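What's counted below: heavy atoms across the whole structure, side chains too, no hydrogens, waters or symmetry copies. Since the structure is predicted, the reported quantities are computational estimates derived from the model, not experimental observations. When a ligand or atom number is given, it counts from 1 through the structure's own listing order.
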Amino acid sequence: MGYTVAVVGATGAVGTRMITMLEESTLPIDKVRLLSSARSAGKVLQYKGQDIEVELTTEDSFEGVDIALFSAGGSVSAKFAPYAVKAGAVVVDNTSFFRQNPDVPLVVPEVNAHALDAHNGIIACPNCSTIQMMVALEPVRQKWGLDRIIVSTYQAVSGAGQSAINETERELKEVLNDGVNPRDVKADILPCGGDKKHFPIAFNALPQIDVFTDNDYTYEEMKMTKETKKIMEDDSIAVSATCVRIPVLSAHSESVYIETKEVAPIEEVKAAIAAFPGAVLEDDVANQVYPQAVNAVGSRDTFVGRIRKDLDAEKGIHMWVVSDNLLKGAAWNSVQIAETLHERGLVRPTAELKFELK
Ligand code: NAP
Ligand code: 3JN
């Protein structure tokens with residue numbers, strides 16, 4: 001007997017990639033159910049060449065579901081994930097809603113799969129920017145320890161959903177085809193749907209992803225700080241992030257500076273990263289080999305290069321980290337969590353419901 005797998009948010013930028021990742025998955029799957037809001041209910045999507053009608057998400061949607069992948073925003077997970085657990089499903093949630101809940105493991109399988117053992121029905125998938133940084137840094141942390149991380153991101157617009165992709169494509173066409181000055185392009189979505197002002201992304205770089213918090217960092221930046229500490233199980237690692245949106249459609253790039261606890265020889269750092277599952281070393285500057293967003297699109301791996309010593313700090317190292325934000329950053333990490341749960345015999349109903357039914 002195989003599993004019944006539900007995808008909540010199946011019509012979105014992440015949800016459509018989840019369907020592809022399930023098509024390619026090693027999970028034994030009998031049935032896939034696709035869920036959305038009333039806007040897309042009734043629409044037909046394909047799974048392995050088979051037509052599947054998208055259903056409206058309700059509290060009763062999860063009867064008979066073994067694994068539910070959620071990617072429809074935090075409020076949808078807050079409302080419906082507990083009903084999925086109550087119905088006997090294991091939820092892999094791709095939103096931030098449960099990430100800091102102490103009853104919820106926050107998992108990048110290559111880094112902390114062991115955290116799955118204690119799950120209570122919901123497992124959180126970290127933010128895309130955190131995930132790729134974890135894959136690059138865990139092999140370094142394991143061998144030399146980590147004192148601090150300073151990261152600047154160069155994030156693709158697909159991280160902000162299908163509407164941001166559409167907005168970027170429209171703006172680029174207006175500038176390139178119609179000769180509109182990028183300053184005069186009308187923006188409705190970016191930098192962030194929930195804030196007061198919107199700015200063009202075409203030919204621009206926006207140092208705002210999500211809204212600002214009280215300390216002048218954005219939520220995206222604070223996610224990187226808090227999620228790193230939880231995944232690496234070490235509150236003492238200092239993490240400061242600057243998150244920037246650039247007019248790339250897919251794959252996030254990151255300039256990462258770290259200070260290790262012990263001095264780490266650069267060639268050994270490269271070897272440790274090259275040997276780590278999910279990480280690919282692309283570092284040969286003599287031949288101009290380094291990770292690039294265009295090459296990472298469609299891959300599940302995280303590409304790491306430009307690894308070099310800081311010019312002044314003995315324990316300082318710089319690197320460039322690139323990964324497909326919709327795959328390892330979201331859909332693949334979620335399906336990989338489901339595969340890992342299956343391999344460990346952890347796809348099972350939860351006896352005690354620890355999450356509030358709203
Ligand atoms: P998107 O392209 O805007 O898609 C949103 C999806 O959610 C659509 O399928 C939409 O269905 C569905 N939805 C919206 N409201 C709903 C409701 N009330 N009930 C059921 N379904 C509903 O967004 P996306 O880029 O795929 O991202 C979706 C969510 O994934 C984000 O909000 C975020 O929480 C999470 N995410 C996480 C990461 C990460 O870093 N791990 C990255 C990106 C996104 P309709 O077609 O019916 O509108
Ligand atoms: O902007 C990006 O590149 C990543 C965005 C992720 C995102 C977008 C909307 C809501 C998230 C997330 O996963 O942290 C959320 C959210 O669930 O808070």
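Looking only at atom types and distance, the side chain of Ser323 has no donor-acceptor partner in the side chain of Gln132 under 3.5 Å away. Between the side chains of Asn127 and Ser96, no donor N or O sits under 3.5 Å from an acceptor N or O. Glu233 and Asn112 form no side-chain donor-acceptor contact under 3.5 Å, judged by distance and modelled atom types alone. In summary, the side chains of Gln208 and Glu220 do not present any donor paired with an acceptor at a separation below 3.5 Å, with no hydrogens or angles considered. If you check the side chains of Ser152 and Ser255, you find no donor sitting under 3.5 Å from an acceptor.
Applying the 4.5 Å side-chain rule to ILVMFWY residues, one finds Ile150 in the same cluster as Tyr257. Taking Ile, Leu, Val, Met, Phe, Trp and Tyr as hydrophobic and joining them when side-chain heavy atoms fall under 4.5 Å apart, one finds Leu176 in a cluster with Leu172, Val175, Val180, Val185, Phe203.
Closer than 4.0 angstrom to ligand 1 sit non-hydrogen atoms from Gly9, Ala10, Thr11, Gly12, Ala13, Val14, Ser36, Ser37, Arg39, Ser40, Thr57, Ser71, Ala72, Gly73, Val76, Asn94, Thr95, Arg99, Pro126, Asn127, Cys128, Gly159, Gly161, Gln162, Gly329. Protein residues lining ligand 2, listed by chain and number: Asn94, Thr95, Ser96, Arg99, Asn127, Cys128, Gln155, Gly159, Ile209, Glu220, Lys223, Arg245, His252 [non-hydrogen atoms, distance under 4.0 Å].
Phe212 has its ring centre no less than 6.0 Å from the ring centre of Tyr219.
Lys31 NZ: 12 or fewer foreign heavy atoms inside a 6.0 Å radius.
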